[in-house]
Asker: 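Take a look at the following structure, please.
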Amino acid sequence: MRMFESNVGNVTWMHRPEPDYSRLVWEEANRFRVHTSAYTDPTVFAAEMKHIFQKTWVYVGHESQIPESGNFITSYIGNQPVIVVRDEERQIHVLVNRCVHRGAVVCREGGGRASEFNCPYHGWVYGLDGKLLAVSERKDAGGYDDAFDAPEGLFKVPRVERYRGLIFASFNPAVQPLVPYLGRAKQFIDRKLNFSPEGEIVLSSKPFVVRYPGNWKFQAENIVDGYHFMHTHKGFVQLQMKYGDSTGDFGVHKGGTPKAMRALRFRGAAWRCENGHGLIEKPLGEVDSLFEGEFGDYQRALHDTYGEEEFSFMAGKLSGSIFPNLGLIHNQIRVWRPIAHNMTEVAVYPYELKGAPDAFNEGMLRSQERFYGPAGHGAADDVDIFIRNQQGLEASAVDWLILERGLSTDAPDAGSRDLRGGSTSEAPQRAIWSEWKRLMSAGADQKPSSCPSSTGAHDATQEGHH
Ligand code: FES
Ligand SMILES: [Fe+2]
């Protein structure tokens, strides 16, 4: 085994090369399997933080959460805490939430308005752009002399880009631009957001947060799992049957009666897209009946703007897993945060469609609560499965998980490298794992790259002797 040596400051480190984690995804003709340890091994988790969450675009928040100068939220890129803030010039910065002095988290609030950030430990002060403005009691009682070389400020995440209000950041200065990274997911986001007459969404309420003892990839996979609904959510389906069928009231939960839900199940397509994005789209077969309802005028106007075909996608069911940590389903943004190989936090942010009738937004919120809320009948089922999934995978006597549903029938789409499968195909899960494999192989048998340092551009390991 080769060892690598590098200099960090005046300290020499020996780096042990990493195993080739890409071998945990076994892909060949008629075969797509994932090794158990990709979910259960803490060293795999540590490698994911480095090779995935520090290398690709990661969703950190939505512009409507920080509408004014001075507004901020705290968020994460993998396991690294960050502050997403709008400065006096309305510029958005993503700053590593770690004091340059001795490393305390500078901002402890989930969000709010500030004119500066004040570290709670020894009181160092930072501007909204992260610049170090003051070292408290700088000269007092010995303090720091004039030769003290103070860092410039909080580490600024080098790449920040937005798409239609969604803010993404990357520690990788060379990451490709956001829109080509999103690929087909861009059209998917457009279809969801165009349901607002103004083309905008607003995250107006606090998120519903769940922490589960299981791997983050269960959530990434599940939000685009067209196979599980009638099984995992049997209780919800029975409830719809009992109350909905007898009262005729199904709320605005798309899918309606159990019969309609079953019919919808095998309609539409599941996509395996480039860069790890998995999508499910189920266009409405028939749109005319929408125009007779309470929200007929609003929906007809959208239909006339976008045309029949596009409107049938917009009004249908759309769910997406945008690699690695963002999901869109129903009228919600879902973000999952990896904490450990067996611990994940999920935040569900319901959104409002700007310009849509109040009663429509309200109805979507109610139906959202009914399935996804804390007392909802659906989301708890999924979380229960994630916990069971982790428990089951601890049975390490069995090596592989099978992700081959639809493998032989997924077909290439003209003009792209994306693959389109049937609605219950595991194509979206294969999207996640093939990008996982690509990024994780980057670490194989190489010396590791350094974590971002407070000076930003300086990568100490590049100066090492190879
Ligand atoms: S750790 Fe922030 S001021 Fe000391
Ligand atoms: Fe589910």
Side-chain angles (χ1 to χ4, degrees), residues 74 81 83 95-109 114 116-127 130-144 148 150-155 208 210 212 214 216-240 253-255 258 261-262 264-265 270 278-280 282 317-321 327-330 332 334 336 344 346 348 367-374 376-389 405 423-424 426 428-429 432 454:
T74 50
I83 308 170
L95 310 165
V96 173
N97 194 0
R98 173 201 153 135
C99 184
V100 295
H101 177 219
R102 273 163 54 192
V105 156
V106 174
C107 180
R108 296 178 287 188
E109 319 296 326
E116 58 192 27
F117 297 110
N118 200 326
C119 180
Y121 199 175
H122 311 94
W124 288 24
V125 181
Y126 302 90
K131 208 162 173 283
L132 178 63
L133 299 179
V135 171
S136 52
E137 299 127 57
R138 186 170 186 137
K139 303 253 172 183
D140 295 324
Y144 302 94
F148 173 55
E152 233 172 73
L154 301 177
F155 179 85
F208 165 45
V210 180
Y212 65 84
W216 63 276
K217 297 184 290 298
F218 295 140
Q219 174 62 92
E221 293 169 342
N222 175 265
I223 199 165
V224 280
D225 186 319
Y227 190 19
H228 79 296
F229 190 88
M230 299 300 278
H231 307 284
T232 305
H233 303 300
K234 205 184 266 168
F236 175 75
V237 174
Q238 280 165 354
L239 195 74
Q240 287 280 91
H253 193 92
K254 288 174 185 171
M261 280 194 265
R262 243 172 244 123
L264 198 61
R265 223 179 137 217
L279 308 174
I280 293 186
K282 292 171 184 276
K317 259 170 124 66
L318 295 167
S319 33
S321 184
L328 283 102
I329 189 168
H330 198 281
Q332 73 175 243
R334 196 182 300 190
W336 43 93
T344 305
V346 181
V348 172
S367 91
Q368 173 123 298
E369 288 160 356
R370 192 145 67 107
F371 193 79
Y372 300 103
H377 296 288
D381 299 335
D382 289 320
V383 171
D384 180 54
I385 289 292
F386 303 158
I387 298 166
R388 283 169 193 247
N389 228 166
R405 188 175 170 88
S423 63
T424 65
E426 282 165 342
Q429 290 73 30
I432 294 166
S454 60

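Keep in mind that the numbers below use all heavy atoms, side chains included, and drop hydrogens, waters and symmetry copies. All of these numbers come straight from a predicted model, not from anything done at the bench. Both counts, for ligands and for their atoms, begin at 1 and track the order of listing.
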Asker: Show which atoms of ligand 1 fall inside a sub-4.0 Å distance from at least one heavy-atom site of Cys119.
Answerer: 1 (S), 2 (Fe), 3 (S)
Asker: Against heavy atoms of Trp124, which atoms of ligand 1 measure under 4.0 Å?
Answerer: 3 (S)
Asker: Kindly give the atom name of the N, O or S atom of His101 closest to atom 4 (Fe) of ligand 1.
Answerer: ND1
Asker: Between NE2 of His228 and NE2 of His233, what angle is found at the Fe ion (ligand 2), rounded to 10 degrees?
Answerer: 100°
Asker: Are His233 and His377 close enough that their ring centres sit under 6.0 Å apart?
Answerer: no
Asker: For atom NZ of Lys234, is the number of surrounding heavy atoms from other residues, nucleotides or ligands below 6.0 Å larger than 12?
Answerer: no
Asker: So does Asp382 have any N/O/S atom less than 2.8 Å away from the Fe ion (ligand 2)?
Answerer: yes
Asker: Verify the neighbour count for atom OH of Tyr121: are there more than 12 heavy atoms of other residues, nucleotides or ligands below 6.0 Å?
Answerer: no
Asker: Using a strict cut-off of 4.0 Å, indicate which atoms of ligand 1 neighbour a heavy atom of Cys99.
Answerer: 1 (S), 2 (Fe), 3 (S)
Asker: For Arg98, does the CZ atom sit with more than 12 other heavy atoms under 6.0 Å from it, leaving out its own atoms?
Answerer: no
Asker: Number the atoms of ligand 1 from 1 as they appear, then name those within less than 4.0 Å of a heavy atom of Gly123, with their elements.
Answerer: 3 (S)
Asker: For atom 3 (S) of ligand 1, which of the options Arg102, His122, Arg98 provides the nearest non-hydrogen atom?
Answerer: His122
Asker: Measure from the side-chain N and O atoms of Gln429 to the backbone N and O of Val224, and report whether any donor-acceptor pair falls under 3.5 Å.
Answerer: yes
Asker: Between Tyr372 and Phe208, is the ring centre distance below 6.0 Å?
Answerer: no
